[in-house]
Amino acid sequence: MRILIIGGHGRVARLMVPRLAARGDDVIATVRRPEQFAEVTRLGGQPFLADLEHSVPSDLLPAFSGADAVVFAAGSGDGTEEQLWAVDFCGVTTAVAAAELTGVSRFVHISTLGADGPLPSYVGGPWWEAYFGAKAKADAALAASRLNWTSVRPGLLTDENPTGRIQVGDRLDYAPVTRADVADTIIAALTAPSTYRRTFDVVGGTRPIDEALASLR
């Protein structure tokens, strides 16, 4: 497969690139700065320069051309509320438009657990309201598109070693999950029909990833 990762220098993306490359996939990874090219190349990907905060769909068309699937892994990190909306929401709608223009149907979005409800009790304040609001609106925009979409909503991301085991479902309790397990979950979801046109939460659990995804309805 030829897979485009939007936000290819993020921590989950940097785990995905070598995994995909190792199985023989052609991986294009967007980055914001030229100095990030070397690491993407070292990991086995092909870098594509794109500042998503200021991009329009036409800027992304060369990266989307010929892709079989897109993973939206970009985020504004600790940016301002304005940057949150520009990347975590508007960035998704820009990428969706580029996918539709180039005929790339499969689109997986990394969202966040709790995006579809009231602000979780463990956070508070305007920044977090913007964060969850942007993720929720991005999920809704993706679901309204013509794409074969999936929104994956992980819990608290950790940097521990992968376990290969997760729990998936709707409105799960907030719990940790390793970034490596999220990366493997997204890779498996790319071709798992049970995840097509589906939003689901993912946290650490006891079921093997493929088995957990197959259980989705």
Side-chain angles (χ1 to χ4, degrees), residues 1-31 39-46 67-75 77 88 92 105-116 120 122 135 138-139 142 147-217:
M1 296 177 67
R2 181 177 176 87
I3 298 170
L4 170 63
I5 301 178
I6 305 291
H9 199 258
R11 283 186 281 182
V12 172
R14 279 180 283 160
L15 293 170
M16 292 183 62
V17 171
R19 284 163 161 79
L20 291 166
R23 71 178 198 176
D25 292 319
D26 185 13
V27 185
I28 313 299
T30 73
V31 296
E39 184 172 10
V40 168
T41 301
R42 179 183 62 81
L43 292 172
Q46 302 172 39
D68 298 298
V70 176
V71 176
F72 191 96
D88 295 57
V92 172
S105 175
R106 188 72 178 113
F107 194 113
V108 178
H109 173 225
I110 303 178
S111 182
T112 187
L113 194 153
D116 62 347
Y122 49 85
K135 293 293 189 184
D139 285 344
L142 183 57
L147 303 179
N148 179 11
W149 57 272
T150 299
S151 286
V152 181
R153 291 175 167 174
L156 176 64
L157 294 169
T158 73
D159 291 319
E160 296 174 357
N161 291 329
T163 68
R165 294 177 180 273
I166 58 173
Q167 178 184 358
V168 298
D170 300 311
R171 297 182 180 275
L172 298 179
D173 291 334
Y174 196 69
V177 60
T178 73
R179 287 183 171 86
D181 284 331
V182 172
D184 288 332
T185 297
I186 293 166
I187 291 170
L190 284 170
T191 54
S194 58
T195 70
Y196 293 174
R197 301 191 68 80
R198 179 71 156 81
T199 298
F200 64 90
D201 300 340
V202 57
V203 297
T206 59
R207 302 183 78 172
I209 290 171
D210 287 341
E211 178 184 310
L213 294 182
S215 71
L216 290 169
R217 297 289 183 269

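Values below: every heavy atom of this structure, side chains too, minus hydrogens, waters and symmetry copies. Each residue takes its place number in the sequence, starting with 1. These figures come from a predicted structure and were not determined experimentally.
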Is it the case that over 12 heavy atoms from other parts of the model lie below 6.0 angstrom from the [atom1] atom of [X]?
{"X": "D159", "atom1": "CG", "result": "yes"}
{"X": "R11", "atom1": "CZ", "result": "no"}
{"X": "E211", "atom1": "CD", "result": "yes"}

Handout entry: Backbone N/O of A189 and side chain of T195: donor-acceptor pair under 3.5 Å
Key = yes

Practice task
Inspect the contact between D170 and R153 and indicate whether a charged nitrogen and a carboxylate oxygen are less than 4.0 angstrom apart.
Solution key: no

Handout entry: Salt-bridge present (D116, R171; N to O < 4.0 Å)
Key = yes

Is any side-chain heavy atom of [X] closer than 4.5 Å to a side-chain heavy atom of [Y]?
{"X": "V152", "Y": "F200", "answer": "yes"}
{"X": "V203", "Y": "I166", "answer": "no"}
{"X": "I187", "Y": "R23", "answer": "yes"}
{"X": "R207", "Y": "Q167", "answer": "no"}

Distance from [X] atom [atom1] to [Y] atom [atom2], nearest 0.5 Å?
{"X": "Y174", "Y": "T112", "atom1": "OH", "atom2": "OG1", "answer": "6.0 Å"}
{"X": "L190", "Y": "Y196", "atom1": "CG", "atom2": "OH", "answer": "8.5 Å"}
{"X": "L147", "Y": "R106", "atom1": "CG", "atom2": "CZ", "answer": "10.0 Å"}
{"X": "R179", "Y": "L156", "atom1": "CZ", "atom2": "CG", "answer": "8.0 Å"}
{"X": "D184", "Y": "R165", "atom1": "CG", "atom2": "CZ", "answer": "13.0 Å"}
{"X": "R2", "Y": "L20", "atom1": "CZ", "atom2": "CG", "answer": "13.0 Å"}

Practice task
Apply the test side-chain hydrogen bond (donor to acceptor under 3.5 Å, both in side chains) to residues T163 and D181: give CA-CA distance (whole Å), side-chain angles for both, the deciding distance (0.1 Å), then the verdict.
Solution key: CA-CA 7 Å; T163 68; D181 284 331; 2.7 Å; yes

Please find the pair of heavy atoms, one from [X] and one from [Y], that lie closest to each other, and give the distance.
{"X": "T30", "Y": "G7", "result": "OG1-N, 2.8 Å"}
{"X": "S194", "Y": "L213", "result": "OG-O, 2.6 Å"}
{"X": "A13", "Y": "I5", "result": "CB-CG2, 3.8 Å"}
{"X": "G8", "Y": "V40", "result": "O-CG2, 4.2 Å"}
{"X": "V17", "Y": "G44", "result": "CG1-C, 4.0 Å"}
{"X": "V182", "Y": "P154", "result": "CG2-CB, 3.8 Å"}

Handout entry: side chain to side chain contact (heavy atoms under 4.5 Å, CB included) between I3 and M16, worked out
Key = CA-CA 11 Å; I3 298 170; M16 292 183 62; 5.7 Å; no

Exercise for the section: Quickly, which of V168, T199, T150 forms a side-chain contact (heavy atoms from CB on, under 4.5 Å) with L216? Name it, please. Expected result: V168

